[in-house]
Amino acid sequence: MAAESTASETPTTLLHLSAVTAGYGAGLILKGVDLAVTRGEIVCLIGPNGAGKSTVLKTVSGLLRNAGGTVLFNGEDIGRLTSRERLARGIVHVPQDRSLFPTMTVWENVIMGGFILSNHALVKQRAEEVAEIFPIVAKRRSAAAGSLSGGEQKQVELARSLMLDPALILLDEPSIGLDPKSRTSVFASIANLARDGRTVLLVEQNARSGLAVAHMAAVLEAGRVALTGTGQSLLDDPEVARLYLGASAQGPSAALATR
Amino acid sequence: MHSLIQAVILGVLTGGVYALMASGQTLIFGIMKVVNLAQGVLVVLGAYLTYTLFTQWGVDPFLSILITTPLLFLVGVGVQWALLRPLHGDDVAQLSLLVTFAIALGVEGLLSFAYGATLTNVQPSYANFSWTILGYQVSLVRFVAFVLSLVVLGLLYLILQRTKFGRSVRATVQNPMSAQLLGVNANRVSALGFGLGAATAAAAGSVFGMLNSFNPGSHYDLISRLLTIVVLGGLGSIGGSVVAALVMGVASSVVSALASPIWSDFTFFVVLLLVLLIRPRGLFGARTRGAL
Amino acid sequence: MQLHIDGLRPRRARLFASVAALAAGAVLLAGCAASPSTSSSSGPLKIGISLSLTGDFSDSGKAAQRGYDLWASVVNKSGGVLGRQVKLSIVDDASSPDQVVTNYTNLITQSKVDLVFGPFSSLLTVPASRVASRYHYSFIEPAGGGPSVFDQKLTNLFFVQPAPTTKGGDVFADYILSLPANKRPKTAGYAKLDDPFSAPIAASIQKRFEAAGIKTVYDQTYPAETADMTPIMSGMSAANPDVVVGGSQEADAFAQIQAVIQLKFNPKWLFESNGANSPGDFPAAVGANTEGVFSSADWYADSTVAGSAKFISDYIAKYGGDAQKIDPTSAEAFSAGLLVEQVAKKTGKVDNATIIKTLHSGSWPTLVGNLSWDQYGAPKGSYQLVQWIDGKLTTVFPAATARHTPVAPKPHWAG
Amino acid sequence: MKFAITRAGLVRAGVFFLVLVLVPIVGGPGWLLNTLTFTIMYAALSSSWNLIGGYAGYPSLGHVAFFGIGAYATAIMFNGSVYGGYAPFLMLPVIGIGVALLSVPIGWVSMRTRADVFAIVTITLLFITQTLAFNLKEITGGAQGKSVAPAPFDVATYDWPFYYAMLIMLATAMAISMYFRRSKIGLSLATVRADEDKAHGVGVRVTAVKLIAFAVSSGLVAMVGGVWAYYVGFIYPQFAVDPLITIGMVLMAFLGGRGTLWGPVLGSFILVPAQEYFAQAFGASQLYLIAYAAVFLVIMLFLPRGILPSIAERLDRRRAGAAGAARDNAAAQVAPMPPSEVKVVR
Amino acid sequence: MSENLLEVDHLTKRFGGVTAVNECSFTVQKGTITALIGPNGSGKTTVFNMVTGYLKADSGEIRFRGEAITRPRPADLYRRGLSRTFQQARIFPELTVEENLVVAAGYNSRQLFGRRVSDSDRDRATKMLGEFRLETLAQLPAADLSYGQRKLLEFAAVLMSDPMLVLLDEPTAGVNPVMIDAMEQHIRERHAAGVTFLIVEHDMQLVMRLCDPVIVLDQGAPIAFGSPDQIQKDPRVLEAYLGS
């Protein structure tokens with residue numbers, strides 16, 4: 001995969017952003033983003049705060065319309081579609097904040113994931129399938145979602161995102177605010193998604209973990225893609241480490257390595 | 001004692017009708033965070049529609065609910081679409097307060113244009129019929145109105161709990177952004193929710209028109225009562241507003257009977273202030289973990 | 001200040017007006033509507049009136065407007081007042097005191113009307129009459145007879161009804177107390193609407209009843225927004241008085257009666273100070289249950305006062321409908337015009353000083369009877385007692401003008 | 001955000017007040033003075049409301065309660081014709097201070113709630129005051145209303161004292177607004193409006209500044225009510241405690257721009273004359289309310305933040321070219337610097 | 001180093017039927033950077049809210065500088081030297097960066113009537129902004145700052161009152177790694193200047209580098225207390241928090 005790939009309309013490219021600009025009001029946050037996401041891969045976006053990582057996800061899911069450039073999904077320009085239409089094409093966005101409906105049960109939350117489907121039987125069937133992948137759904141089925149711990153909630157959110165059998169899952173900082181144990185299991189779940197053939201576009205401030213799980217990665221800097229590479233190559237690059245990964249990337253941490 | 005019990009009976013029956021109006025109000029708040037100051041005028045509009053249907057075409061006021069409810073539902077949807085949807089920003093709550101007040105003024109103006117300021121009421125043949133049960137008077141209209149309110153409230157409950165639309169409403173109430181990401185069209189939910197709120201106003205209006213004399217200006221009194229009810233119940237809590245409506249109905253009726261009517265509403269406002277002193281969120285307003 | 005302004009105003013005034021308006025920043029809108037002209041003793045006779053065409057008092061406001069308009073068209077058809085055509089400037093005060101002050105100030109200082117007539121309701125009459133008094137205008141007002149109006153001690157004011165409003169029920173007390181002692185009621189109950197016009201009427205009756213030994217067994221005051229009379233009337237019904245006195249306006253009077261019907265309570269006498277004297281609205285509200293209810297009135301469709309029949313036919317010719325639907329307020333407003341006409345006829349002048357001086361002497365025939373006033377504008381006459389008999393509002397007391405004897409005890413409710 | 005008094009600002013205020021001071025002397029027509037008196041009254045009310053509703057972000061819908069209390073205070077004190085003359089004006093400061101003190105406990109209770117609920121609780125305050133005005137007949141005259149002794153002023157200059165009294169009230173309200181903005185009170189109020197919980201967390205004297213703003217605002221409104229009662233001459237619960245007066249103050253501040261010095265003034269100078277015009281032009285045809293509602297809606301939908309902030313925003317956007325770039329540069333200096341040469345890792 | 005700056009004694013808090021904090025006791029000694037860690041839902045933030053006066057405990061006692069906090073009020077505590085930051089950086093977006101600092105500097109009732117930003121305020125703010133390398137942003141509305149900058153601003157602001165104890169609620173959550181390093185540096189500098197810290201943080205590497213001692217909370221009560229080395233060998237901590 002190459003950032004400025006021109007031959008991106010190969011069957012393997014699921015999502016292709018070229019020269020995308022977007023923002024709120026007068027100011028632009030994205031100032032020409034080029035990014036290609038290959039089918040079946042996990043792509044991780046890293047970069048400083050305010051670089052526009054979340055904005056990329058919003059532009060893909062339709063929460064925000066791109067002001068310029070094109071957003072191609074499966075070869076189709078989806079830039080003018082509503083977020084619901086994009087949902088119907090298999091793009092699911094899991095936002096950064098806790099996004100469950102706290103007083104609804106876990107089961108109802110999962111059912112809500114199939115909201116745009118009109119076939120109720122199908123929704124139920126999918127929910128049962130999802131419950132098999134994410135045991136927490138079956139285990140806490142009738143519990144109010146708000147009573148679950150943060151890690152459990154994130155698992156349910158991931159479960160819910162599968163209800164539409166999506167081609168592309170957009171994950172915005174799934175590990176934020178999670179304790180180490182929950183983080184580990186969330187990243188494990190993300191890896192599993194890819195193993196099942198889903199494509200994931202991941203934004204992660206916890207760059208090391210994000211890069212570790214990603215096939216490919218891109219560094220976003222001031223509204224543009226500054227670098228791309230495989231997850232591992234970025235992790236190993238001392239320059240990237242200095243600029244983007246901080247002290248924590250200066251070799252494996254003694255504290256955790258002893259474990 | 002007799003007058004106390006009589007007052008409680010009356011209060012409960014009246015409270016039921018207010019519960020209907022207030023449930024729509026609090027529903028609208030729950031979905032859109034809009035304090036709908038036009039709810040009172042929608043009730044009055046419902047009453048006038050019932051009045052016209054009854055006097056022009058002889059439609060029974062209770063039956064006319066079948067016509068007024070869908071009609072006001074459409075009005076509600078239209079109002080939301082045209083006037084509330086365009087609002088955005090941090091202070092939507094405050095802006096919508098003024099916008100809905102403007103709607104109230106405008107509808108009041110239209111009604112005075114069409115009907116004048118004369119107080120009217122809807123007088124079907126059975127308007128003055130009442131039963132005497134164990135020495136207590138129970139008026140037919142009041143009783144049917146109360147039962148009807150329960151039925152409509154029950155329907156509302158079913159719609160919210162059991163239908164897909166209801167789920168989307170609850171989802172939007174709890175997390176609008178997340179609901180939108182799952183394909184819930186927030187504008188559509190808001191429009192339908194506002195429509196539903198207006199529809200309850202219509203149902204309540206048909207009944208209100210039989211119980212009370214009204215004119216276009218009647219909505220000021222209605223809205224002041226509705227606001228105290230929804231705040232007392234806890235903004236956004238439908239169950240809370242039903243309880244608060246009953247409390248209000250009984251309180252004002254009892255004070256009216258035992259002390260004087262001139263203090264009845266006053267008592268209620270004071271109760272509201274006392275409750276807020278102890279529970280600033282109202283009786284059923286939730287304060288949950290992590291909310292700060 | 002609005003529609004009926006004509007002529008060119010002096011250039012200087014215009015200059016001032018526009019400079020000031022511009023300087024003040026944004027009074028332009030009002031400025032556009034403004035084009036004052038000078039008052040003069042020739043040309044049309046301009047009369048300014050502020051009425052409540054919107055807001056709480058707007059029904060009566062519109063009834064008053066019909067009365068004023070009717071008078072103007074009648075008098076203009078017969079050649080005007082002293083040969084001058086009458087032009088009315090009617091503006092809306094939206095039932096607001098700020099607006100009423102503004103309106104009369106504008107009418108007098110800007111539109112330079114020759115005369116002003118009163119607005120509707122005592123509440124607006126007080127501030128309005130002060131403006132008129134300040135500019136030494138006479139203030140003939142058909143509505144607004146509460147104590148606060150006369151307490152001002154203004155000498156330019158004339159209330160165009162037979163008596164101050166608070167005495168509206170005294171004729172009922174006169175009637176009851178005229179009964180032989182063994183036929184009088186023993187107990188009475190009172191339901192009073194807490195507004196400037198209603199509660200005082202009932203209170204005045206109550207005072208006389210109690211002095212005469214009629215025991216008060218129930219007495220309740222309720223606020224204006226009380227829509228539901230059931231709690232009060234069930235208290236009343238429990239006390240079971242012989243006579244029920246309602247100090248009421250329209251809607252609450254109707255609600256009181258609906259409540260007692262529901263409660264199956266039928267007192268021997270039932271008096272409502274207002275509402276029950278409305279020939280159109282009352283039967284519309286309570287259906288067949290009008291029979292035997294008392295009220296008081298100054299003008300009503302069957303009135304035998306001179307000019308009443310002509311007024312009715314003119315009214316119907318202009319506005320349609322039938323005699324029973326005419327609001328007395330229209331007749332009162334019409335009477336205000338009649339007073340001006342008579343002063344003009346008698347003195348040959350229509351200036352304010354003349355009107356004030358002339359009206360203070362003598363007695364003046366109007367649709368609401370012969371009127372005369374004390375120095376502060378309180379009329380010295382009395383109302384008529386009316387009762388619903390055979391579906392019609394009929395004068396029953398005092399005997400001199402009665403067309404039927406009072407029916408008592410009251411027949412049972414029709415249901 | 002600059003809060004220094006600029007020369008332009010002083011000139012603006014000077015010209016504005018000078019013109020208004022001169023209007024009666026130059027001798028505009030009577031109707032102008034009358035309309036202006038009510039316009040300035042609303043400007044004063046709206047500016048006072050702005051102290052709590054705009055700067056502190058507590059949208060009180062019950063301020064007319066204090067207006068009514070002030071009006072009744074005047075009416076009760078000067079009911080007979082014993083005093084009169086200029087005495088009612090001299091009593092205003094007493095009324096203002098009295099009502100300000102009275103409002104402290106009221107503010108303390110009602111400001112336990114936030115935004116929406118606060119608005120509704122203050123509506124309750126309005127109805128409580130109205131009910132008391134009706135029911136405490138001995139003091140207020142109840143439904144019979146209460147008159148103030150007529151002012152013995154000469155007819156030619158009758159309006160002058162009222163006009164100037166209102167003008168002084170407006171000047172006072174604006175001066176206090178200005179002072180608030182330039183002092184730590186204003187700074188503290190801004191934190192309350194933005195995030196009250198956080199304000200507590202950084203030691204802001206939240207309760208104190210809220211109560212100061214509420215009390216000053218209420219006291220000013222009461223004083224305006226006192227002048228009004230004397231001017232109108234007769235008050236009645238529904239007139240003195242009229243929901244439309246509350247809505248007037250709020251709406252005018254919204255129209256001109258909440259939390260700005262001139263916003264409420266601008267809003268009043270547009271809406272009051274417009275309202276009068278509509279009442280006269282459309283009143284007879286019942287369309288007055290509809291026209292008023294329409295103006296209302298247009299404002300809310302097209303200028304949701306008010307005229308002044310909207311204009312300021314537009315100007316800002318025009319300047320955004322230069323300033324925006326400067327801002328980006330400033331921000332970039334603290335952000336970790338990106339590599340100057342983009343290196344593509346393959 | 002043995003003076004207890006903060007003592008939490010048998011603190012309990014319930015929400016509805018759920019016990020969020022259960023008989024929780026611990027101390028923070030003066031001069032330490034104490035970490036408070038634990039799985040999601042273990043009650044860390046609730047403890048923070050009670051200690052800083054935002055929530056009233058159902059039972060138990062909190063002592064700050066040896067005095068019991070009887071009527072917990074955030075502003076009083078702040079003035080007595082106890083500051084906190086929030087998980088989601090909370091700043092005043094409409095105020096300038098400088099004003100954000102000035103308002104947090106603390107002032108008495110009399111100063112309330114003084115100038116909005118006095119010269120001495122400005123000097124102090126400028127100095128603090130300089131330390132955080134935010135001085136070029138001083139006159140910008142805080143709304144214009146990036147998330148990481150906001151976190152720094154919030155931290156800088158609560159330092160304006162010269163606090164004795166600062167509670168940081170996930171100071172690095174959502175912050176990019178480079179900014180985390182900066183944050184760590186600022187904490188160390190302040191610590192060297194004598195400020196005591198109590199930090200809730202999930203970034204274990206940071207905790208291990210920076211903090212000593214570490215308190216581990218689970219289900220509303222401490223399950224372990226000790227140096228980072230001790231903590232990460234504790235089987236209960238591995239089980240409940242770190243995962244094995």
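The chains referred to below are lettered A, B, ... by the order of the sequence lines, with proteins before strands, and numbering in each begins at 1.
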Check your understanding: Minimum heavy-atom separation for E:Ala75 to D:Val204, with atom names?
Key -> CB-O, 3.9 Å
Check your understanding: What heavy-atom pair brings E:Pro93 and D:Ala194 nearest, and what distance separates the two atoms?
Key ->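 Closest pair (atom of E:Pro93, atom of D:Ala194, distance): CD-CB, 4.4 Å.
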From [atom1] ([X]) to [atom2] ([Y]), nearest 0.5 Å:
X: D:Ser183; Y: E:Gln111; atom1: OG; atom2: CD; answer: 12.0 Å
X: E:Arg79; Y: D:Arg205; atom1: CZ; atom2: CZ; answer: 4.0 Å
X: D:Thr191; Y: E:Glu94; atom1: OG1; atom2: CD; answer: 10.5 Å
X: D:Lys184; Y: E:Asp121; atom1: NZ; atom2: CG; answer: 3.5 Å
X: D:Ile185; Y: E:Phe113; atom1: CD1; atom2: CZ; answer: 4.5 Å
X: E:Arg115; Y: D:Arg182; atom1: CZ; atom2: CZ; answer: 6.5 Å

Do the side chains of [Y] and [X] get nearer than 4.5 Å, heavy atoms only?
X: D:His200; Y: E:Tyr78; value: no
X: E:Phe92; Y: D:Val202; value: yes
X: E:Ile91; Y: D:Asp195; value: no

Point to revise | D:Arg112 atom CZ, over 12 foreign heavy atoms within 6.0 Å | key: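 Yes.
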Practice item. Below 4.5 Å from any heavy atom of chain D, which atoms of E:Val158 appear? Answer side chain, backbone, both or neither. Key: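 The side chain, not the backbone.
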